[in-house]
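Notes to accompany the following structure.
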Protein chains: 2
Amino acid sequence: MNGEFIPVSQTIANRISDMIFLDKKYMPGSKLPNEYDLSSELGVSRASLREAIKILAAKGVLVIKRGSGTFVCESLDENDDIYGMKYLEDKKKLVKHWFEFRLILEPKSARLAAENADEKQIEEICFMSERIIELIKNGKPFTKEDQQFHALIAKATKNDVIKLTMPSIESAVSDAIQTSSKTGHSEKSNENALLYHPSIARFIKYRDGDGAEMAMRFHILRGLKDLE
Amino acid sequence: MNGEFIPVSQTIANRISDMIFLDKKYMPGSKLPNEYDLSSELGVSRASLREAIKILAAKGVLVIKRGSGTFVCESLDENDDIYGMKYLEDKKKLVKHWFEFRLILEPKSARLAAENADEKQIEEICFMSERIIELIKNGKPFTKEDQQFHALIAKATKNDVIKLTMPSIESAVSDAIQTSSKTGHSEKSNENALLYHPSIARFIKYRDGDGAEMAMRFHILRGLKDLE
DNA sequence: ATTTATAATTTGTCATACAACTTTTAATTG
DNA sequence: CAATTAAAAGTTGTATGACAAATTATAAAT
């Protein structure tokens with residue numbers, strides 16, 4: 001029943017991340033204590049600590065040098081990985097940046113989708129649009145479906161980079177999105193979806209690149225405006 | 001001396017990735033053998049296998065369910081992570097998609113940089129532009145510096161999402177870029193950099209958003225054209 | 001047939017030992 | 001004294017074994 005189980009390895013990975021990004025106990029390039037010391041300091045076995053370190057190394061936060069030590073990635077402020085986004089101070093600003101980013105990318109994606117989508121994908125996009133409308137009418141949450149709607153459009157561009165990038169960044173800012181969405185602007189969000197989703201879907205269906213780009217642009221502009 | 005040492009955990013992580021993305025031995029949602037069987041099948045200890053699994057779980061490829069098993073992430077084709085980009089068949093197509101993506105994002109980034117960069121960042125951008133020119137004149141490689149040039153512009157937008165996204169995606173497609181750059185179009189690449197980098201830097205320096213956007217657009221269009 | 005209890009399966013964690021590599025220190029040598 | 005070489009100390013890599021904790025499958029009881 002417990003879906004909230006978190007392994008020690010993950011807990012330790014989070015604690016080390018906090019020490020780096022929040023406490024700034026270990027700066028980029030600096031060396032962590034060796035595995036024996038750090039594991040005893042954190043009160044876990046060396047095996048569990050090693051798994052935690054592997055997690056952070058996979059995310060580009062740590063760099064492991066055999067025989068030498070484990071270090072905080074030097075280019076961590078430059079920055080090599082979107083992992084640190086979770087630790088950015090100003091969540092509100094991050095959400096705004098997220099919308100600005102989408103304002104650049106998604107209108108063009110909508111155009112590409114209108115030009116390149118196959119019939120099946122168009123069907124899926126239209127279906128998801130209608131499903132979201134149903135959910136809103138019944139007063140149910142539609143966050144997940146909204147993301148899927150935009151993901152389907154990204155997929156329909158037939159551009160692998162766009163397709164694979166969008167969800168990745170979305171998950172990186174999901175914390176901030178969740179935080180800011182608690183400050184409740186659900187009615188506005190409803191209106192925005194009801195107003196623009198069908199238009200976007202229709203423009204894509206009728207292969208109108210200009211229309212799709214414009215509709216998506218207004219859709220995201222509206223979302224950006226509703227942040228305040 | 002050996003900088004090419006690869007831990008077993010990483011080797012095994014790669015082999016499992018290959019089994020998933022190349023051999024399609026394990027499809028999304030399907031279950032991996034238990035850790036005892038899989039470790040003996042792969043000829044490594046359970047501890048090393050576990051570290052490999054943690055790496056892939058961190059990248060969103062695997063999902064671990066305690067007491068139940070380890071599974072290939074269901075939404076792996078949808079897709080949750082850009083990790084799978086390395087395994088896309090057509091490297092040439094991926095590089096083209098990468099340029100198309102940049103063609104959308106970077107001209108706007110250049111505009112934002114022109115509008116928002118502080119003096120220090122402008123100085124860095126101009127410096128990097130001149131440094132690349134020096135390298136080209138001396139016949140030296142400048143791939144790394146070229147990436148830094150674009151990364152500096154991304155950073156100067158003052159948009160955290162743009163700043164953190166660019167390098168992340170770049171590293172994901174680095175394999176394909178490296179492969180395709182071996183087919184040699186270095187002279188064209190030289191010309192392109194020599195022609196446009198200084199213009200872009202100058203437009204940003206003089207706060208000309210329109211100019212910066214246009215110059216960057218032509219710069220990437222030229223790169224896209226040179227792919228063929 | 002349904003519920004309950006048991007067993008089997010599987011991941012989680014810890015402890016220990018040794019191997020392999022890197023860095024530091026000390027000794028040797030010219 | 002300086003430079004080279006050898007030893008030692010420090011650190012990550014790997015393997016093995018044992019038990020805990022959660023889930024799933026099986027069997028028993030009602």
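Letters A, B, ... mirror the listed sequences (proteins, then strands); counts begin at 1. Remember, predicted model here, so these are calculated numbers, not experimental data.
- With rounding to whole Å, B:R66 atom CZ is found 5 Å from D:dA22 atom P.
- Counting to the nearest Å, the C1' atom of C:dT23 and the CZ atom of A:F71 are 11 Å from each other.
- The separation between A:I53 atom CD1 and D:dT14 atom C1' is 15 Å, rounded to whole Å.
- Mapping A:G67 and A:Q10 onto DNA chain C by nearest heavy atom places A:Q10 closer to the 5' end of the strand.
- If you take CD of A:E51 and P of D:dT14, they are 14 Å apart, rounded to a whole angstrom.
- Counting to the nearest Å, the C1' atom of D:dT12 and the CD1 atom of B:I6 are 16 Å from each other.
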Between the protein and nucleotides 15-17 of chain D, list every N/O to N/O distance that falls short of 3.5 Å.
unit_1, atom_1, unit_2, atom_2, d
D:dA15, OP2, B:S45, N, 3.0
D:dA15, OP2, B:S45, OG, 3.1
D:dA15, OP2, B:S48, OG, 3.0

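- A donor-acceptor pair under 3.5 Å is formed between the side chain of B:S39 and the backbone N or O of B:Y36.
- Atom CZ in B:F5 sits roughly 12 Å away from atom C1' in C:dT22 (whole-Å rounding).
- A salt bridge links A:E41 to A:K25: at least one charged side-chain nitrogen sits closer than 4.0 Å to a carboxylate oxygen.
- A donor-acceptor contact shorter than 3.5 Å is absent between the side chain of A:D37 and the backbone of A:P33.
- When the P atom of D:dT11 is taken as reference, atom CG of A:L49 falls 14 Å away, rounded to whole Å.
- Side-chain contact check for B:D146 and B:H197: at least one donor-acceptor pair (N or O, by modelled atom type) lies under 3.5 Å.
- The cationic group of A:K31 does not satisfy the cation-pi geometry with A:Y26, failing either the under 6.0 Å distance to the six-membered ring centre or the 45° limit from the ring axis.
- The backbone N or O of B:T157 lies less than 3.5 Å from a partner atom in the side chain of B:N116, making a donor-acceptor pair.
- Distance from the side chain of A:K54 is smallest to D:dG13 among C:dT22, D:dG13, C:dT11.
- Residue A:L38 contributes atom CG, which lies 12 Å from atom P of D:dT11 at whole-angstrom precision.
- Contact annotation: B:T70 side-chain N/O to C:dT11 OP1/OP2 distance is under 4.0 Å.
- Ring geometry, A:H219 versus A:H150: the interplanar angle falls under 30°, so the pair is classed parallel (tilted spans 30 to 60°).
- Between the side chains of A:K54 and B:S9, a donor-acceptor pair is found at a separation under 3.5 Å.
- Near DNA chain C, meaning a heavy atom under 4.0 Å away, the residues from residues 29-37 of chain A are A:Y36.
- Here the side chain of A:H97 pairs no donor or acceptor atom with the backbone of B:V161 at under 3.5 angstrom.
- Side-chain atoms of B:R50 lie closest to C:dT13 of the nucleotides C:dC21, D:dT14, C:dT13.
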